[in-house]
**Student:** 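Structure below; questions to follow.
Below, read A as the first sequence line, B as the second, and so on, with proteins coming before strands; counting in each chain starts at 1.
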Amino acid sequence: MKTIFLIAKNTFKETIRNKILYTILFFGILIIALSRLLADVSAGENEKIIQDVGISSISFFATLICILAGINLVYNEIDRRTIYTILSKPVKRYQFLLGKYLGLSFSLLMIVLAMTAIFVLYLLWNQIHPHPAIFQAIFLEFMTILLIAAFAILFSSITTPLLSAIFTVFLYIVGNTLYTVKLAEQQAILQKGWIQTIFKTLYHFLPNLHNFNMKVYASHKMMMPLPDFLSAIAYGIVYTTLVLILAIAIFHSRNF
Amino acid sequence: MIEIQNLTKIYRTGFWLKPKTGIQNLNLQIEHNQVVGFLGINGAGKTTTIKILVGLLKPTSGSAYIDGKNILLPESRQEVGYLPEAPYFYEYLTPNEILTFYGQLFHIPRQELKKRIGELLELVQLQHAQHTFIRNFSKGMRQRLGIAQALISHPKIVILDEPTSGLDPLGRKMVKDIIIQLKEQGKTIFFSSHILPDVEAICDRVALIHQGKLLKEGFVDELVGDQPASIEIVAQNIQPENYQNLAYKILQDKHNFYLFVHNEQQKEQLQEKIVQNGGKIRFIIPHKPSLEEYFKNFENPEK
């Protein structure tokens, strides 16, 4: 456990010393700050728009940082050969990969917390009292980010940053649209046959990120029902664990 | 002790995963407190063997043990210090930070680690740069840091991949001195090189690898022979055209003529003729065979 923690600590240092991260963070905060303008130009529902934009901004920019940092994390270690001096020590390969994942996750947690703190201050400044549903929504967005980080690490262990980015973004988009596909299927918009079989398979194997999306609840100041909330957390933990197990299995058999 | 038994590594490369042999049925035994040089030209299989020993590559078949522990287990690396070829480190850290990180991976207590880092930075002459970010390091400084990290845990077995490459003459001497010092401390050292004089100066034994196969193992002189590959005679006051049938190459500068012969017998004849014709012999320099020349004879090792 100590070894995993050491690698995580080092990964955290690596992530927070990356200057690109601060640029993205700056834009994230800028969008939160501009949400008031958007609210002013739209008719009514100021509070709802500020909250929606705020949560979406945290989610989008933290995911962007997650993908950019995640796809390079293991690949750079292999490409720059820094992995040689680590795996040649009494370090198990799973310890290395989990350390990298935990370090990235902790960095992302800090980013989400920082953006949330700024968002809450901004709400208070606009005399909006933050409803607890906002925190529930941000928490579930963070679960999505943890799952995306696991995918980014998986791809980063087997392919180049460019391909990793394509695969991870693809999963993020598909994961967010699976629910719509399911609705289409239920409403018999999709014709029976092989197309439906493909969609059914995708629906069961790809991550359904809609499970974590509770922005609708938050913007109506409603808490997500507890069973749904807990099942979303359980889904996130199980899926993330499975992706990490797959990443470890592939990484274990790799030659460097 | 390092024991390598029938070790084979076949890489799969390209789109069609075409097999390419890295090493083939390699057998080698390195005894305790020996300095063994692993020689071979580029692409011979030295790095492949070393990477398998330190767990970076998985062997296709065969096995290897370090102090009786199978190299497939991370525990086998507890007593091993390894320097990769042209080592790279996290650019955003300083030598102090990176050595602390590596030391912690061996679970070395904090106070002991601090002391050890001080000793190692002094050994590799990097004290002045201990708080400089590694991104500002030269190639030679990275190599020195690489040696320091390999020794962080007081390893019993030290495996160095091309430890003198990228170093200036002073740096090369420093590495040789460190290896001699490690030997005196009772450590076992296995290092690869393609620079024969470096190896000759410090090794107890050498192992020669070519095209993935172990050719020979033993003392340097036993392997390359103690006969010079060529003999150079530096002479003055001679007419070069008189010696063209004896010397295979004649060079000239402002003061001297440089005549090259292949063997002792030719040297004797040439020497006698120069003296007879009133010439003056200034130096006789035997040139030892280079590793490259030696390997030229192994185009077909079965012969």
**Student:** Which bit of B:Y11 is near chain A, if near means a heavy-atom gap under 4.5 Å: side chain, backbone, both or neither?
**Tutor:**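 For B:Y11, no heavy atom lies under 4.5 Å from chain A.
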**Student:** Would you name the heavy atoms of B:Q104 and A:L6 that are closest together and state the gap between them?
**Tutor:** OE1-CD2, 3.0 Å
**Student:** Taking everything shown except A:F26 itself, do over 12 heavy atoms lie less than 6.0 Å from its CZ?
**Tutor:**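 No, not enclosed.
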**Student:** Roughly how far, to the nearest 0.5 Å, is NZ of A:K9 from CZ of B:F101?
**Tutor:**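 Nearest 0.5 Å value for the CZ-NZ distance: 9.5 Å.
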**Student:** State, with a plain yes or no, whether a side-chain heavy atom of A:N18 is found less than 4.5 Å away from one of B:Y92.
**Tutor:**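 Result no, sub-4.5 Å side-chain heavy-atom pair not found.
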**Student:** Step through the shown structure and confirm whether more than 12 heavy atoms of other residues, nucleotides or ligands are within 6.0 Å of CG on A:L121.
**Tutor:** yes
**Student:** Between B:Y90 and A:E77, is any side-chain donor less than 3.5 angstrom from a side-chain acceptor?
**Tutor:**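 Short answer, yes.
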**Student:** Ignoring hydrogens, what is the shortest heavy-atom contact between A:P90 and B:R77? Give both atom names and the distance.
**Tutor:**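 Of all heavy-atom pairs spanning A:P90 and B:R77, the closest is CD-O, 3.8 Å.
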**Student:** For each of B:L53, B:I98, B:I159, B:V54, tally heavy-atom pairs with chain A at distances under 4.5 Å, and name the one with the top tally.
**Tutor:**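 So the answer, after comparing B:L53, B:I98, B:I159, B:V54, is B:V54.
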**Student:** What I want to check is whether the side chains of B:Q149 and A:K89 have a donor and an acceptor closer together than 3.5 Å.
**Tutor:**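 There is such a pair (donor and acceptor under 3.5 Å, judged by atom type) between the side chains of B:Q149 and A:K89.
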**Student:** Considering only heavy atoms, which portion of A:R254 lies under 4.5 Å from any heavy atom of chain B: side chain, backbone, both, or neither?
**Tutor:** backbone
**Student:** Rounded to the nearest 0.5 Å, what separates atom CG in B:L57 from atom CG in A:N255?
**Tutor:** 5.0 Å
**Student:** Can you tell me if A:K13 has over 12 outside heavy atoms packed within less than 6.0 Å of its NZ?
**Tutor:**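 Yes.
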**Student:** Should A:Y84 and B:Y82 count as side-chain neighbours, where that means a heavy-atom distance under 4.5 Å?
**Tutor:** yes
**Student:** Answer whether the closest heavy-atom distance between the side chains of B:E91 and A:E14 falls below 4.5 Å.
**Tutor:** no
**Student:** Using non-hydrogen atoms only, which part of B:E75 is less than 4.5 Å away from chain A: side chain, backbone, both, or neither?
**Tutor:**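 When you check distances to chain A, only side chain atoms of B:E75 fall under 4.5 Å.
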**Student:** Decide yes or no on side chain to side chain contact (heavy atoms under 4.5 Å, CB included) for A:R17 and B:L93, but give the supporting numbers first.
**Tutor:** CA-CA 10 Å; A:R17 288 185 188 181; B:L93 296 182; 3.9 Å; yes
**Student:** Does B:K18 have more than 12 heavy atoms from other residues, nucleotides or ligands lying within 6.0 Å of its NZ?
**Tutor:**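 No.
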**Student:** Just checking A:F256: does its CZ atom have more than 12 heavy atoms from other residues, nucleotides or ligands closer to it than 6.0 angstrom?
**Tutor:** yes
**Student:** Just checking, any donor-acceptor pair under 3.5 angstrom between side chains of B:Y102 and A:T85?
**Tutor:** yes
**Student:** Roughly how far, to the nearest 0.5 Å, is the CG atom of B:L105 from the CD1 atom of A:I86?
**Tutor:** 7.0 Å
**Student:** I need the A:S88 OG to B:D161 CG distance, nearest 0.5 Å.
**Tutor:**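 One gets 11.0 Å once the value is rounded to the nearest 0.5 Å.
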**Student:** Given the rule in the side chain to side chain contact (heavy atoms under 4.5 Å, CB included) test, do B:E97 and A:N10 qualify, once you have shown the distances and angles that lead to the verdict?
**Tutor:** CA-CA 10 Å; B:E97 287 174 320; A:N10 208 44; over 6 Å; no
**Student:** Atom CZ of residue position B:R135 - does it have more than 12 heavy atoms of other residues, nucleotides or ligands inside 6.0 Å?
**Tutor:**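 Result for CZ/B:R135: enclosed.
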**Student:** Does A:Y122, at its OH atom, have more than 12 non-hydrogen atoms belonging to other residues, nucleotides or ligands within less than 6.0 Å?
**Tutor:** yes
**Student:** State, with a plain yes or no, whether a side-chain heavy atom of B:H107 is found less than 4.5 Å away from one of A:T3.
**Tutor:** yes
**Student:** Would you say B:K58's side chain and A:S253's backbone share a donor-acceptor pair under 3.5 angstrom?
**Tutor:** no
